[in-house]
There are 2 protein chains.
Amino acid sequence: MRQVADRAGVAMSSVSRVLNNHPDVSESMRARVMTAVEEFGYEPNAVGQMLRQGATKTVGFVVGDISNHLQAEIALGAELALEAQGYTMLLMNSVNNPQLDAEHIRLLIRRQVDGLLLSVADETHRPTIEALEAGNTPYVLIDRELDAQSPPWAVTSDHRGGITSAVEELVGLGHRRIALVGGSPHVRPTRERVAAIEEAVARYPDVSCQVRSGAFTEGHGAAATRELLEGKLPPTAIIAGGNQILIGVLREIRGRALAIPRDLSLVTCDRIPLAEFLSPSLSTIYRDPVAMGRAAAELLLAQLAGQPAQVITLPATYERAGSCSPSPDAVAPTHQ
Amino acid sequence: MRQVADRAGVAMSSVSRVLNNHPDVSESMRARVMTAVEEFGYEPNAVGQMLRQGATKTVGFVVGDISNHLQAEIALGAELALEAQGYTMLLMNSVNNPQLDAEHIRLLIRRQVDGLLLSVADETHRPTIEALEAGNTPYVLIDRELDAQSPPWAVTSDHRGGITSAVEELVGLGHRRIALVGGSPHVRPTRERVAAIEEAVARYPDVSCQVRSGAFTEGHGAAATRELLEGKLPPTAIIAGGNQILIGVLREIRGRALAIPRDLSLVTCDRIPLAEFLSPSLSTIYRDPVAMGRAAAELLLAQLAGQPAQVITLPATYERAGSCSPSPDAVAPTHQ
DNA sequence: CTGAAAGCGCTAACAC
DNA sequence: GTGTTAGCGCTTTCAG
C-alpha cells in the first residue's frame, strides 16, 4: 500500500479511504489512486485489516465429520450464507471426539474468529463448555443444547414431530413393537428422538418400544440391530437414527436375509442420496440440512449485529415410502 | 500480552520467548511467566502472529460442492493432514461456477493463505489462471491440469487404469456398444476417462463407444442416458462418470423400467455410501478420496518446505459387482 | 478534503 | 538471559 501511495503521490490514509469508499474523497484523488492500484495490481492485505479492525470476518465451524452427508449439507448452507455477507469459514472436523471439539474451539478463538458454528459431539463435555465460556466469542449451536451461562442461540430440528408421525403411521399399520437405534445420547437429536418415541408409544397401551442409543456409527447400528432381532420379542419396525447407523442396520438385516418390509419395517432419519433407488425405497424423517446451515449462519450474523438471543426450530417431517408395511403380527395371526 | 508481562514484571519479549519455547530462557523466568499466563488465562492472538510472521498457517480449499461425497472425503483427508501440521483450512464452495473459483482464489490470497488446494470447475477459465499467477501463492491441484507457467503440483487419479479395466471386463462379457456419460469436459477426470474408453475400445475392431460429456449433474446424467437409449444403436453398458451423474442415469433407467443388469449393464465412478445396498450392487471404479486429500495436503506442505514440484498419481481400480452381466446381444442371437 | 501519526498484538534484532 | 525497539499492513483519529 505504501507503494501505491508513493506512486500516486498521496498519503496511505488516502489510499485506504479510496479503497474503503469513504465519502470524503475527491474525484481526482479517487482517479489517481485507482490508477496506481491497477498499475501494481494491488490487493489489500486482509491480515493487516483484521489486526487493525479487531474483526476477522471469519467464522469457525466445528463439525463432527464433513464426510457425513447431513453435516456436509449443513456446512454448505452455512458457507453460502456467510460468504454472501463477506465472511469466510474455517472448518475443523472433530471426528466425533469431544476432546478435539474443545481443542478446536480454543484454536478458533485464538485465531480470533468473529463467531462459531457448533455441532459438538458431546454436550456434556466440560472442557468444551469451558473453552466456550473462557473466550467470549459468539456462537450458534446446531441441533445441540449446552449447559452454559449465556442465553442459547441455536438452530434445532423438530425431531419430536418427525418421530411422532413415524410412530403413528407404524402403529396404524399394526406394529406393536417398535425400536429406535439411536446415536450418542449426549446430543440433542438422540435425546429428542428417544423422548418422542417413548411418549408416542405411551399413548397406546398395547404398543411398546425398545431404544438402543450408542454412537453414530455403522458398528453401533449393526450391533444394536443384532441385539434387537435376537431378543425375546424382536421389534417389527426399526427406526434408524442417522446415516451411518442406517448402514449398520441394513448390513445386519441383509446378513439375516430378512426382507423389508415383509419381515421388518424400516424408517430412517435424514435423507441420503441413493436412498431413492433402494428397493423398497426408504421411509424417511426428512429435514432440510442446507436450510439449517443457512439459518445457523444467519443467527450468528444476527448475534454479531447485537440482536437478542433466539432459537430457530426447523421441521422434520415423516415421508412414507415402501419400507413400511403392515406388521406381520397384525396380519399373520388371522391367515396362518 | 502486555498484561501478562506487567503482572510477571518482565518484558513482552520474554513472555513471547517463553510461549515459543525459545531456548534462552531461565527456569525462573519461565515459571513467573507461566504463572501470569495461567492467572489471566492468556491465549496469544494469532492475527498478531500472522501479521508479524508473514505466515497464516492457513490453507484455502476451493471446492466445487462439499455436499458431494467424493469432495467431502477429499476435504476431510486434507483437513486432517493439515491440522496435524498446525494448519487450518478455509473452505469455499464454488458450486461448480468457474467465475466463483477465480473470485475465491483472489479472496483467499488477499487473506494471505499460505497455500491453496484447488479442485476448480474449469481448467480453461482464464480468470482462474490469472488469479493464480497474479498472486504467487503456492497451490496444489486436485485431479486438475492447468495451463500455467509454474511447474505443476498435483495429485491425480489413474482414471485411465480404472476405465480400461472396466471396459475390458465389459468386452469380455460380450458388450459391443459401451457408453460413457461424462461430466464437464473442462476437467481432467472427464478428459482422461474419455481418452481411456476410446483407446480401450479401439483395440477391439467390433466394439464401439459413445461418449456424452456435459456436466456433473443429475440432469445431464438423465438427459444423456435418454439420448443414448433412444438412439439407433443403444449401448448395452453404461459407465456413469460420477455420483450426481449416476443418480440421473439411474432415474432414467428406472423411468424406462429397464432391469439392471439384464437389459443394461452399469458401472459407476467413485463409491457412494448406500451403493452396496442397491440391487444389484454397483460395479464401481474406486479411488480413495481421503488419501487424495491427504496427499494433496502433504504436497502443499512439501511445496511450502521448498521441495521441487511433483505430481502424485493414485490408483483407480475397477471393482466388479452385480450390475454387470453378459450382454443381451452376446446371448440373445443364439437363443432367440 | 487530505496528511501525519498512532497503534492493533506480536516477534526478532539488537543491545546490555 | 533479558529488555528495548522497530515494524509487519492497515485504518482512524486528529490537525490542518
Side-chain angles (χ1 to χ4, degrees), chain A residues 1-37 40-58 86 88 106-114 135-137, chain B residues 1-37 40-58 86 88 106-114 135-137:
Chain A
M1 177 155 146
R2 155 124 282 126
Q3 284 199 331
V4 174
D6 290 352
R7 185 74 182 78
V10 301
M12 284 175 52
S13 48
S14 295
V15 176
S16 173
R17 276 189 278 255
V18 169
L19 261 28
N20 293 290
N21 298 314
H22 190 95
D24 298 348
V25 275
S26 66
E27 262 319 310
S28 62
M29 169 65 77
R30 162 160 282 110
R32 296 179 62 190
V33 169
M34 288 315 288
T35 310
V37 165
F40 289 110
Y42 169 76
E43 293 268 7
N45 177 324
V47 175
Q49 297 177 313
M50 292 175 193
L51 184 58
R52 173 63 223 236
Q53 302 190 319
T56 55
K57 286 285 201 171
T58 305
T88 307
R106 272 195 299 274
L107 178 72
L108 291 166
I109 292 176
R110 265 215 336 245
R111 286 195 169 237
Q112 309 294 117
V113 293
D114 295 339
N136 53 342
T137 302
Chain B
M1 176 155 145
R2 154 122 284 124
Q3 285 198 330
V4 174
D6 291 352
R7 185 73 182 80
V10 301
M12 284 176 52
S13 50
S14 294
V15 177
S16 173
R17 276 189 278 255
V18 168
L19 261 28
N20 293 288
N21 299 313
H22 190 94
D24 297 349
V25 275
S26 67
E27 261 322 307
S28 62
M29 169 67 77
R30 162 160 282 112
R32 296 178 60 188
V33 170
M34 288 315 287
T35 309
V37 165
F40 290 110
Y42 168 76
E43 293 268 6
N45 177 324
V47 175
Q49 297 178 313
M50 293 175 193
L51 184 59
R52 173 64 223 235
Q53 303 192 319
T56 55
K57 286 285 201 172
T58 304
T88 307
R106 272 195 299 275
L107 178 73
L108 291 166
I109 291 177
R110 265 216 335 247
R111 286 194 169 238
Q112 309 294 117
V113 294
D114 294 340
N136 53 341
T137 302

Colleague: Compare side-chain N and O positions of A:Y42 against OP1 and OP2 of D:dG9 and report whether any pair is under 4.0 Å apart.
Modeller: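 So the side chain of A:Y42 is outside the cut-off, no N or O lying under 4.0 Å from OP1 or OP2 of D:dG9.
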Colleague: Check the distance between D:dT12's C1' and A:L51's CG and give it to me in whole angstrom.
Modeller: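 Rounded to the whole Å, the gap is 14 Å.
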Colleague: Could you check whether A:D24 gets within reach of a base, just the sugar-phosphate, or nothing at all, counting any heavy atom under 4.0 Å?
Modeller: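 If one applies the 4.0 Å heavy-atom cut-off, A:D24 turns out to touch a base.
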Colleague: Side-chain N or O of B:Q53 less than 4.0 angstrom from OP1 or OP2 on C:dC10?
Modeller: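 Answer is no, no contact under 4.0 Å.
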Colleague: Heavy atoms under 4.0 Å, any strand shown: does A:R2 hit a base, just sugar-phosphate, or nothing?
Modeller: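 Nothing, no nucleic acid heavy atom in range.
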Colleague: To the nearest Å, give me how far apart CG (B:D6) and C1' (C:dC10) are.
Modeller: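 Answer to the nearest Å: 15 Å.
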Colleague: Name the closest nucleotide to the B:R52 side chain, picking from D:dT2, C:dG3, C:dC10.
Modeller: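 From the listed options, C:dC10 comes nearest.
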Colleague: What is the distance, rounded to the nearest whole Å, between atom CE of A:M1 and atom C1' of D:dC8?
Modeller: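 For the pair A:M1 CE and D:dC8 C1', the rounded distance is 14 Å.
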Colleague: Are any of B:S26's side-chain N or O atoms less than 4.0 Å away from OP1 or OP2 of D:dT2?
Modeller: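 B:S26 to D:dT2 OP1/OP2: side-chain N or O found under 4.0 Å.
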Colleague: Please determine whether any donor N or O and acceptor N or O are separated by less than 3.5 Å between the side chain of B:R30 and the base of D:dG1.
Modeller: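 Side chain to base: no pair below 3.5 Å.
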Colleague: Classify the side chain of B:S13 and the base of D:dT4 as holding, or not holding, a donor-acceptor pair under 3.5 Å.
Modeller: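 Present.
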Colleague: Assign B:M12 to base, sugar-phosphate, or nothing according to its heavy-atom contacts below 4.0 angstrom with the strands shown.
Modeller: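 Touches a base.
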Colleague: Rounded to the Å, how far apart are B:R17 CZ and D:dG3 P?
Modeller: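 Rounding to the nearest Å, CZ of B:R17 and P of D:dG3 are 8 Å apart.
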Colleague: Over all strands shown, is B:S14 touching base, sugar-phosphate only, or nothing at heavy-atom distances under 4.0 angstrom?
Modeller: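 The answer is sugar-phosphate, as B:S14 gets under 4.0 Å only of primed atoms, P, OP1 or OP2.
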Colleague: Taking any heavy-atom pair under 4.0 Å as a contact, classify B:V10: base, sugar-phosphate, or nothing.
Modeller: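 The answer is sugar-phosphate, as B:V10 gets under 4.0 Å only of primed atoms, P, OP1 or OP2.
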Colleague: Below the 4.0 Å mark, does C:dT11 have OP1 or OP2 next to a side-chain nitrogen or oxygen of B:Q49?
Modeller: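 Checking B:Q49 against C:dT11: at least one side-chain N or O falls below 4.0 Å of OP1 or OP2.
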Colleague: So, does B:N45 get its side chain near the phosphate of C:dC8, meaning an N or O under 4.0 Å from OP1 or OP2?
Modeller: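 For C:dC8, neither OP1 nor OP2 has a side-chain N or O of B:N45 closer than 4.0 Å.
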